[in-house]
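Chain identifiers are assigned alphabetically (A, B, ...) following the order of the sequence lines, protein sequences preceding nucleic acid strands; residue numbering begins at 1 within each chain. Note that the coordinates shown come from a computational prediction; the quantities given were computed from them, not determined experimentally.
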Amino acid sequence: MTRAADKTSPMPAPAQKSRAPGRPNASDLLVWYDRHRRVLPWRALPGERPDPYRVWLSEVMLQQTTIAAVKPYFSKFLELFPDVAALAAAAEERVMSAWAGLGYYSRARNLHACARAVAALGAFPNTEEGLRKLPGIGAYTAGAIAAIAFDRPAAAVDGNVERVMTRLFAIETTLPAARPEIRALTLALVPRDRPGDFAQAVMDLGATICTPKRPACALCPWMAPCVARAEGLQETFPRKIKKEKGVLRKGAAFVVVRAGDEAILLRTRPPEGLLGSMAEPPTSAWTHDYDPAKGLLDAPLDARWKRLPGIVKHVFTHFPLELTVFSARVASGAGAPAGMRFTARAGLDAEPLPGVMKKVLAHALEVKAASSVSEPKAETPVDLATPSEPEPPPRRAPIPKPPRTRPSDLARIVKKPPKATRKS
DNA sequence: TATACGTGGCA
DNA sequence: TTGCCAAGTAT
């Protein structure tokens with residue numbers, strides 16, 4: 001229910017100009033857009049014909065993901081897979097590896113499946129309805145592609161549009177219940193000509209003017225008709241219920257380095273669920289009551305395990321995670337346990353390692369490098385033969401907290417392995 | 001309708 | 001440091 005709809009009298013018929021505070025119109029927005037539109041790698045310049053492949057690829061990458069994060073991945077994908085046929089023909093692991101680090105990995109699997117469907121079809125469907133049937137394309141993306149790539153009068157309602165519309169009409173309904181209402185109001189504003197520009201214009205407005213915090217209302221082409229602004233309540237929209245944050249889970253990760261080639265033991269996670277189809281060093285189950293003292297019960301093989309100082313912390317959307325890292329060296333030429341593989345350092349780039357697992361490897365390799373040069377003391381040797389009982393970590397000096405380990409650290413460590421990269 | 005599903009940046 | 005949030009989808 002909108003504020004405007006609360007009024008008992010019919011809408012004031014604006015016989016006057018577009019500036020009348022009565023209702024927003026597409027024209028004012030498009031005038032603003034023509035002057036302030038953002039230049040983006042996947043966006044056609046004025047007069048250019050949009051490429052459906054680029055539009056689709058960018059829209060999928062941009063799902064719940066910032067423009068800054070997407071840019072390098074978008075150009076990488078264009079190089080690796082110049083068109084939908086190339087993407088369709090690629091091996092799935094290549095696609096997963098290229099996507100590694102971007103997050104929400106089911107998008108990559110769906111992207112690949114979608115490419116194959118489109119290749120089979122011969123081309124992208126040019127209607128919202130046709131698009132909607134493809135894997136990884138939901139209501140928003142179907143509308144966005146239909147409007148942007150095919151100039152269909154479709155509504156593309158994303159988070160930006162939700163924010164703009166809930167403010168414009170002071171929609172009190174909380175999200176996501178307000179979606180149908182927002183969609184209808186948006187669709188009613190879509191101009192017969194330039195539907196693609198309109199879709200991008202609303203998103204640009206939301207991203208640069210109608211921002212979540214401290215919106216720049218004075219610069220907004222829709223300031224006059226904005227109901228929330230008129231009441232000074234713009235920052236309180238959209239109404240939403242805050243979600244609980246997840247409970248901490250803990251577990252262990254096992255980093256095995258093979259002597260000789262320094263290869264690392266990896267496996268591939270199941271296709272469905274968290275980090276589906278992505279690579280990882282073997283890990284234990286992640287539970288609320290995991291006990292690192294018993295960590296070796298989950299070890300993938302028999303070896304002289306060392307429990308590394310420090311903990312790898314990571315935050316997923318729905319829960320935080322803390323991983324204790326164990327490492328071991330095995331003999332040159334050792335074989336991998338069933339379902340696992342040894343990957344040489346140089347081959348790690350081609351592995352679909354998600355951010356959290358890159359952190360684990362960087363942590364293990366960095367601590368190892370540091371300790372091999374300085375104090376072989378910080379490590380806590382543990383014996384597989386006697387798992388549960390006797391391995392109280394050293395009680396003497398408190399272990400200094402390791403520096404924040406970032407996934408990007410892995411590249412540096414892989415490049416030039418054993419050197420003391422970490423101090424104190 | 002509610003929940004699972006990544007990651008990084010910023011106030 | 002903590003919480004929010006970014007061009008959502010699938011089930």
Within 45° of the axis and under 6.0 Å from the centre of the six-membered ring of [Y], does NZ or CZ of [X] qualify?
X	Y	value
A:R167	A:F237	no
A:R269	A:W286	yes
A:R109	A:Y105	no

On DNA chain C, check which nucleotide each of A:Q200 and A:P135 is closest to and give me the residue with the more 5' one.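 The residue mapped nearer the 5' terminus is A:Q200.
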
Nearest-nucleotide 5' precedence on DNA chain C, A:I137 against A:E59: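 It is A:E59 whose nearest nucleotide is closer to the 5' end.
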
Determine the interatomic distance between [atom1] on [N] and the same-named atom on [M]; round to the nearest Å.
N	M	atom1	answer
B:dC5	C:dA6	C1'	15 Å
C:dA10	B:dT1	C1'	14 Å
B:dG6	C:dC5	C1'	13 Å
B:dA11	C:dA7	P	16 Å

In terms of side-chain geometry, is the basic nitrogen of [X] or [Y] positioned less than 4.0 Å from the acidic oxygen of its partner?
X	Y	result
A:R345	A:E351	no
A:D204	A:R43	yes
A:E262	A:R329	yes
A:R267	A:E280	yes
A:R37	A:D34	no

Listed nucleotide nearest any side-chain atom of [X], set [options]:
X	options	value
A:H318	B:dA4, B:dG6, C:dT9	B:dA4
A:N160	B:dA4, C:dA6, C:dG8	C:dA6
A:R132	C:dA10, B:dG6, C:dA7	C:dA10
A:N110	B:dA4, B:dG6, C:dA10	C:dA10

Please state whether the phosphate of [N], meaning OP1 or OP2, lies under 4.0 angstrom from any side-chain nitrogen or oxygen of [X].
X	N	answer
A:K245	C:dG3	yes
A:Y105	B:dT7	yes
A:R179	C:dG8	no
A:H314	B:dT7	yes

Considering only heavy atoms, which members of residues 38-45 of chain A lie under 4.0 Å from some atom of DNA chain C?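 A:R38, A:L40, A:W42, A:R43 - these, ordered by number, are the residues of the stretch whose heavy atoms sit under 4.0 Å from the strand.
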
Let's see if you get this right: which residues in residues 60-86 of chain A place a heavy atom under 4.0 Å from DNA chain B?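 Nucleic-acid contacts, sorted: A:Q64, A:T65.
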
Calculate, to the nearest 0.5 Å, the distance between atoms CZ and CG belonging to A:R49 and A:D51 respectively.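 Spacing of CZ (A:R49) from CG (A:D51) equals 11.5 Å.
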
Could you state the NZ-P distance from A:K313 to C:dG3, rounded to the nearest angstrom?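 So the NZ-P distance, A:K313 to C:dG3, works out to 13 Å.
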
